[in-house]
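Below is one structure, written out as C-alpha cells; comments come after it.
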Amino acid sequence: MSESIHIKQTIVVRARPDVLYRLALEPKRRAKWDPNLAKAEYEGEGGRLANNSLVRFKFTRRLLGLSFTAKYGQLQAPQRGGWESVRHVGPLEKLTQGWTFKPMPGGTEVTLTVHGKVRYKWVRVPVERVLHNMVATTLLELQRTVDAQGAQLMEDMGRELAEKQKADQKAAKAAKRKK
C-alpha cells in the first residue's frame with residue numbers, strides 16, 4: 001500500500017528565467033551548486049536537455065547516497081521543466097521533480113514541486129521530512145548561487161519567524177499556567 005507525498009515551495013530569485021532554467025535543469029550545472037546531489041550526468045553519449053532524455057542522479061550521503069535514473073519531461077524553456085524517476089528510488093516507488101519559472105518585476109518566481117510515492121506506509125513521515133529539507137535547501141542554494149544578498153535576507157527572515165513562533169508558544173504556555 002503506497003502513500004503519496006506532495007511538496008510545493010515557491011521563492012523569488014533576482015535573476016532571469018532562462019538563467020534559472022539552465023541552472024536547475026542542466027545536470028552538470030545542477031551538480032555544481034545543489035548540496036543534495038553528489039553527481040548528475042546524462043546517460044549515454046552526447047546528452048542534451050530535451051524531453052525523454054535520461055539522466056543519472058546520485059544523492060549525497062545525507063540522502064543515503066541513492067543513485068537513480070530519471071527521464072526529463074514537460075520541458076518548455078524557460079518556463080518549466082522536470083523529471084520523473086524511471087524505477088524506484090530507495091523507499092520511493094516514484095519520485096518526480098518539477099520546476100516553474102514565472103517572470104515578474106525584479107526577478108523570477110521559482111516554484112519547485114516534488115512528488116513521491118512511498119512504498120511502505122511506516123517510512124512515509126521520515127521520507128517526507130527528508131524531502132521537505134531537500135526542497136528547502138535546493139531553493140535556498142539556487143538563490144544563493146545567483147543572488148547572495150537575497151538568500152541571506154530570506155535565511156534571516158526565516159530564523160526571525162521561527163524565534164517569534166517560539167516566543168509566542170512560550171507566552172501562550174505561561175498564560176495557560178496563570179489561569
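Computed from a prediction, not measured in an experiment: that's the story for all the values here.
Ion pairing between Arg22 and Glu26 fails under the 4.0 Å rule for side-chain N and carboxylate O. Salt-bridge formation is detected for the pair Glu141/Arg144: a Lys NZ or Arg NE/NH1/NH2 atom is positioned less than 4.0 Å from an Asp or Glu carboxylate oxygen.
Residues Gly81 and Leu75 share a closest heavy-atom pair of CA-CD2, 3.6 Å. Taking all atoms of both residues into account, the shortest heavy-atom contact from Pro78 to Phe101 is O-CB, 3.5 Å. Pro17 and Pro103 get closest at one heavy-atom pair: CG-CB, 3.9 Å. Shown here for Ser4 and Arg124, the closest heavy-atom pair between the two residues is O-NH2, 3.1 Å. Nearest heavy-atom pair, Gln143 versus Ile11, reported as atom, atom and distance to 0.1 Å: OE1-CD1, 3.4 Å.
Distance check, rounded to the nearest 0.5 Å: OG1 of Thr100 to CZ of Arg80 gives 9.0 Å. A distance of 8.0 Å separates CZ in Arg48 from OG in Ser53, rounded to the nearest 0.5 Å. Atom NZ of Lys94 and atom CZ of Phe68 lie 11.5 Å apart (nearest 0.5 Å). For the atom pair CZ of Arg30 and OG1 of Thr138, the computed distance is 5.5 Å after rounding to the nearest 0.5 Å. Taken to the nearest 0.5 Å, the OG1 atom of Thr60 stands 7.5 Å off from the CG atom of Leu37. Here CG of Asp34 is found 8.5 Å from CZ of Phe59. Values are rounded to the nearest 0.5 Å.
Within the 4.5 Å cutoff, no side-chain heavy atoms of Val89 are placed close to those of Phe57. Contact check for Leu92 versus Val118: side-chain heavy atoms found under the 4.5 Å cut-off. In this structure the side chain of Val19 never reaches within 4.5 angstrom of the side chain of Thr108, judged on heavy atoms. At a threshold of 4.5 Å between non-hydrogen side-chain atoms, the residues Thr10 and Glu109 count as touching. Looking at Gln9 and Leu112, their side chains never come closer than 4.5 Å, going by heavy atoms from C-beta outward. For the pair Pro27 and Glu41, the minimum side-chain heavy-atom distance is 4.5 Å or more.
Thr69 places no side-chain N or O within 3.5 Å of a backbone atom of Val86 that could act as its donor or acceptor partner. The closest donor-acceptor contact from the side chain of Asn52 to the backbone of Gly73 lies at 3.5 Å or more, if one exists at all. Although no hydrogens or angles enter the test, the distance criterion places no donor-acceptor pair under 3.5 Å between the side chain of Arg14 and the main chain of Val146. At least one donor-acceptor pair closer than 3.5 Å links the side chain of Lys58 to the backbone N or O of Gly65. Under a 3.5 Å cut-off, the side chain of Trp33 and the backbone N or O of Leu23 do form a donor-acceptor pair.
Each of Val125 and Leu95 belongs to its own hydrophobic cluster when Ile, Leu, Val, Met, Phe, Trp and Tyr are linked at side-chain heavy-atom distances under 4.5 angstrom. Leu161 and Val135 end up in different hydrophobic clusters when Ile, Leu, Val, Met, Phe, Trp and Tyr side chains are linked at under 4.5 Å. Linking Ile, Leu, Val, Met, Phe, Trp and Tyr residues whenever their side-chain heavy atoms come within less than 4.5 Å leaves Leu49 and Leu54 in two separate clusters.
Annotation for Arg62: atom CZ counts as buried by contact number, over 12 foreign heavy atoms lying within 6.0 Å. Within a 6.0 Å sphere centred on CD of Glu128, heavy atoms belonging to other residues, nucleotides or ligands number more than 12.
With His115 as the fixed residue, the side-chain contact (heavy atoms from CB on, under 4.5 Å) test singles out one of His6, Lys8, Glu84: His6.
Using a 30° and 60° split on the angle between ring planes, Tyr42 and Tyr72 fall in the tilted class, from 30° to 60°.
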